[in-house]
Amino acid sequence: MRTVGELLRRWRHRRGLSQLDLSIAADVSARHVSLVETGRSRPSADMVIRLAEQLDVPLRERNRLLLAAGFAPRYPERPLDGDALPAAREAIERVLRAHEPYPALVVDRRWDIVLTNRAVAPFLARVAPELLRPPVNMVRLGLDPRGLAPFIVNLAEVRSLLRVRISRQLAVAPDPGLAALHEELLAPGGAEVVHRAGSEVATPMIFRFDGRELRLFSTVTTFGTPLDITLEEVSIESYYPADAETAAYFTGLDL
């Protein structure tokens, strides 16, 4: 395991900050930051957290910093389907139900699907059974030829958008599993796609089912100030109709 000083220095470099920048943000001296990074000063647990907060270090990695400094982890990671997070799960389920008849789903940091609302079912019905074995990955569902890829009209554009999102995610918080997914399904190849202004709101995802086009754009919802790793890493992907024809299709679903 790397020392806490080495880990903090790597996060500081990742955020593009100097020791002086970090010291000003954390209200400590630049000398103290230097002593911590070189291992000549052992930081307290509170100092580790203070520096990590200014570096926007994810909770999972803050626990790693604390362990490297010789302290116990502070942030729990409790399953969303267990008994420890009933209020959070109820809030998420309310959001999913309220979004019907339009699709919405919850994904974790590696884009594995945690929960869905009922409007997602018609899309999953078109996917090969082997892609629905847990953990079900949203990116693989969308880009795999056995999944929804054959039904996405603007597949190259969607792949490009996903590449941008996941590249940004990896820049903020590197993750081996997510990096492997990026390499498998999103490695650049050929010319980059220029996003078209197909909607007045956002670039749509265009499906064609049985000769009918559905145009959807999405929003992302996250917990504002989580203190649990699970809650920090989940997000709600909500899809909205980008035109009246798509809205009419979903309104007509028997949910």
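Atom set for the values below is all heavy atoms of this structure, side chains included, hydrogens, waters and symmetry mates excluded. Remember, it's a predicted structure, so these values are computed and weren't measured experimentally.
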Polar side-chain atom of Arg215 near backbone of Ala242 as donor-acceptor pair, under 3.5 Å:
no
Heavy-atom pair with the smallest gap, counting every atom of Ala104 and Val120:
O-CG2, 3.4 Å
Parallel, tilted or perpendicular: rings of Phe209 and Phe207 (30°, 60°):
parallel
For the pair Arg74 and Asp46, find out whether any cationic side-chain nitrogen is under 4.0 Å from an anionic carboxylate oxygen.
yes
Please work out whether the ring planes of Phe217 and Tyr240 are parallel, tilted or perpendicular, with thresholds of 30° and 60°.
parallel
Please report the interatomic distance CZ(Arg163) to CZ(Arg168), rounded to the nearest 0.5 Å.
13.0 Å
In short, Ala68 meets Val4 closest at the heavy-atom pair CB-N, 3.7 Å
Worked check of side-chain contact (heavy atoms from CB on, under 4.5 Å) between Arg165 and Val220:
CA-CA 11 Å; Arg165 284 188 62 182; Val220 180; 3.4 Å; yes
Are the side chain of Asn154 and the backbone of Ile206 linked by a donor-acceptor contact shorter than 3.5 Å?
yes
Under the 3.5 angstrom rule, does the side chain of Ser167 hit a backbone N or O of Val164 as a donor-acceptor pair?
no
How about Arg97 and Arg118: do any of their side-chain heavy atoms sit closer than 4.5 Å?
no
Considering all heavy atoms of both residues, which atom of Arg40 and which atom of Ser34 are nearest to each other, and what is their separation?
NH2-OG, 4.0 Å
Any ion pair linking Arg64 and Glu61 (charged N to carboxylate O, less than 4.0 Å)?
yes
Does one hydrophobic cluster hold both Val114 and Leu131, with members joined at side-chain heavy-atom distances below 4.5 Å?
no
Counting N and O atoms only, with roles assigned by atom type, does the side chain of Arg15 sit under 3.5 Å from a partner on the main chain of Val172, one being a donor and the other an acceptor?
yes
By side chain to side chain contact (heavy atoms under 4.5 Å, CB included), Met138 pairs with (sequence neighbours left out) Leu105, Val107, Trp111, Ile113, Glu237, Tyr239
Between Tyr249 and Arg212, is there a cation-pi geometry (under 6.0 Å to ring centre, at most 45° from the normal)?
no
